[in-house]
Amino acid sequence: MVSGSIRMSEAAKSGTRLSAVMAAIRQRIAGRSLTSGDKLPSIRSFAGTMQVSMSTVVEAYERLVAEGVIQSRPGSGFYVASQAAPLALSEIGPKLDRAIDPFWVSRQSLASGDSDLKPGCGWLPPSWLPEDGMRRALRTLSRANGPVLADYGAPLGLPPLRQLIARRMGDRGIEASPDQIILTESGTQAIDLLCRFLLEPDDTVLVDDPCYFNFHALLRAHRARIVSVPYTPAGPDMARFAQALHEHRPRLYITNSAIHNPTGATLSPVTAHRVLKLAEQFGLTIIEDDIFADFEHTLAPRLAAFDGLDRVVHIGSFSKTLSASARCGFIAARPDWIEGLIDLKIATSFGGGRLAAELVLNVLRDGSYRKHMEGLRLRLSRAMGEVNTRLKSLGIEPWLEPQAGMFLWSRLPDGIDAADVAREALAENIVLAPGNAFSLSQSATSFLRFNVAQSGDIRIFEALRKAIARRPKSAVA
């Protein structure tokens with residue numbers, strides 16, 4: 001016992017000495033006694049200065065090389081590396097003055113710490129996901145053969161997973177063979193590939209207003225012209241939809257039909273038929289983003305089911321129900337488009353993420369996944385009711401009562417600007433999703449999107465109460 005304590009003590013001392021050497025070099029660089037390109041003291045001399053062994057200095061220098069702080073020049077010694085611009089303290093805190101653009105919510109949510117509250121983000125907390133199933137799948141994969149762990153995936157993607165996706169789509173009335181399905185790294189990559197395949201710069205694309213903010217960002221990256229149509233509880237406003245087709249002749253329409261993001265609305269069968277009739281009349285292609293499919297209690301109409309994957313391309317992913325870290329999505333499209341999409345996939349990402357696909361396949365095949373989703377849907381329903389009740393007590397009213405999913409699209413009291421409330425909450429490490437991040441027309445000034453799974457902490461509602469009380473109720477522009 002005594003010898004063990006001595007060994008632990010020596011190890012601690014060794015670690016302290018190593019840290020001290022590294023800190024001394026960093027200090028000299030920060031104090032500019034050593035500047036970019038300067039040679040560091042020799043290992044022997046610095047060991048004497050620091051009163052440590054030469055091996056400690058060697059390890060310290062090697063670690064600083066790995067961090068990019070210094071450079072090793074064989075036969076010459078160690079030199080200070082070119083330094084990046086120093087970090088301004090103002091950059092550490094949240095950027096309260098950033099414009100509410102399509103990247104605002106994404107940046108704040110992704111950059112936030114684990115202890116921050118994220119009622120505005122678009123994913124479930126880790127504790128709501130099937131961690132046990134993921135761990136079982138990871139253990140299975142740890143015993144897999146070399147190609148599974150190390151090789152690129154086939155161009156179309158893992159055949160058994162594509163077969164499973166085809167069966168799952170069939171359950172929703174969408175007929176597609178596995179050869180009509182191409183795996184992607186995510187739902188976002190699926191849309192990116194389709195935009196590369198279908199669009200030329202200055203082509204017009206139709207989106208819902210409001211819609212998922214990253215649709216805006218992706219389309220701008222592809223230099224598309226974006227036109228929006230107001231969204232109603234039953235789908236797009238059909239009069240405005242027809243008008244947009246007449247006036248702008250869009251190449252694409254991107255939408256969610258089941259569990260619309262951000263509103264939580266569900267496309268009605270009547271609206272679906274009208275959309276498809278107009279699509280045929282005007283030569284419109286529709287990208288149907290169905291990443292929230294597994295959250296449904298009752299199946300909603302799918303444009304791809306009515307259309308038979310002629311004018312409609314169906315996409316999905318597993319980020320929302322399994323893991324955002326296991327990046328795996330898919331495209332289901334007409335057969336004559338698959339070869340072109342494969343070429344683009346190879347050109348932009350070469351091989352697919354085989355390991356992620358194997359992981360997703362293992363979890364979906366696990367009999368516990370279905371039970372997990374049944375429990376998750378009930379848990380989300382309870383959370384929806386609880387969060388809605390709390391918001392109503394603050395005068396924040398839902399645009400509609402969603403049938404399923406995680407999102408509440410809610411209106412603040414008259415005259416309150418959601419962007420101001422969001423910036424104020426951000427100062428308290430609470431990330432909200434202001435409505436105009438989702439609205440091309442900037443007509444959602446008074447709306448916030450709430451993720452009910454991320455909105456259980458009482459601090460969120462206290463921050464909202466204080467922010468609303470402090471905002472002057474002036475007319476909203």
Side-chain angles (χ1 to χ4, degrees), residues 94-96 98-110 112 116-125 208-216 230-231 233 256 259-265 380 383-402 405-474 476-477:
K95 292 180 170 51
L96 303 180
R98 181 182 174 89
I100 304 300
D101 62 15
F103 292 105
W104 196 92
V105 181
S106 299
R107 281 176 174 264
Q108 310 303 343
S109 298
L110 293 169
S112 61
D116 294 344
L117 302 175
K118 298 185 280 287
C121 80
W123 55 87
L124 295 173
D208 302 320
D209 199 337
C211 73
Y212 174 41
F213 46 75
N214 213 39
F215 290 170
H216 298 161
Y231 207 74
N256 315 111
I259 310 184
H260 183 260
N261 182 8
T263 67
L380 282 170
M384 187 74 71
E386 292 166 2
V387 172
N388 202 9
T389 298
R390 285 179 169 179
L391 291 174
K392 286 179 178 178
S393 73
L394 299 173
I396 303 174
E397 294 292 331
W399 182 71
L400 60 73
E401 305 278 352
M406 68 176 88
F407 297 132
L408 263 176
W409 183 240
S410 301
R411 189 195 306 270
L412 290 164
D414 289 345
I416 303 295
D417 190 323
D420 292 339
V421 173
R423 292 190 183 98
E424 195 165 318
L426 194 59
E428 298 186 39
N429 299 316
I430 299 172
V431 179
L432 294 172
N436 276 345
F438 304 85
S439 174
L440 186 71
S441 65
Q442 297 294 280
S443 58
T445 303
S446 61
F447 282 89
L448 288 166
R449 186 195 72 179
F450 291 94
N451 177 345
V452 298
Q454 298 273 8
S455 300
D457 196 300
I458 192 65
R459 289 173 291 173
I460 295 168
F461 304 96
E462 181 59 24
L464 286 168
R465 185 191 64 76
K466 291 189 292 185
I468 290 171
R470 282 196 288 265
R471 303 315 306 171
K473 294 187 178 181
S474 58
V476 178

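Taking the side chain as every heavy atom from C-beta outward, F450 and M406 never approach each other to under 4.5 Å. Contact check for F407 versus L380: no side-chain heavy atoms found under the 4.5 Å cut-off. Using a 4.5 Å heavy-atom cutoff, the side chains of V421 and P434 are not in contact. Between S446 and D414, every side-chain heavy-atom pair lies at or beyond the 4.5 Å cut-off. Here the side chains of L408 and P402 are in contact, with some heavy-atom distance below 4.5 Å. Looking at heavy atoms from C-beta onward, L448 lies out of side-chain contact with S410 at the 4.5 angstrom threshold. Residues L440 and F215 form no side-chain contact, since every pair of their non-hydrogen atoms from C-beta on lies 4.5 Å or further apart. Between L432 and P119 the shortest side-chain heavy-atom distance falls below 4.5 Å.
Between the side chain of N451 and the backbone N or O of C121, at least one donor-acceptor pair lies under 3.5 Å. The backbone N or O of P210 lies less than 3.5 Å from no partner atom in the side chain of D208, so there is not a single donor-acceptor pair.
The line from CD1 of I460 to CD of E428 is 11.5 Å long, rounded to the nearest 0.5 Å. In this structure, CD1 on I416 lies 13.5 Å from CZ on R411, to the nearest 0.5 angstrom. A distance of 11.5 Å separates CG in L426 from CG in L117, rounded to the nearest 0.5 Å. The CD1 atom of I396 sits 5.0 Å away from atom CG of L391, with the distance rounded to the nearest 0.5 Å. D417 CG to E424 CD: the interatomic distance, rounded to the nearest 0.5 Å, is 11.5 Å. Rounding to the nearest 0.5 Å places OG1 of T445 at 4.0 Å from CG of N436.
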request  = List the steps, then state whether side chain to side chain contact (heavy atoms under 4.5 Å, CB included) holds for L412 with F447.
outcome  = CA-CA 6 Å; L412 290 164; F447 282 89; over 6 Å; no
query = Under the ring pair (Phe, Tyr, Trp, His ring centres under 6.0 Å) criterion, do F438 and W409 qualify, and how do the steps go?
reply = CA-CA 11 Å; F438 304 85; W409 183 240; 5.6 Å; yes
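For the side-chain hydrogen bond (donor to acceptor under 3.5 Å, both in side chains) test, residues two or more places apart in sequence or in another chain that qualify with D209 are S228, S439, S441.
Listed by first then second residue, pairs satisfying side chain to side chain donor-acceptor pair (under 3.5 Å) with a partner in residues 389-399 read K392-E401, not counting sequence neighbours.
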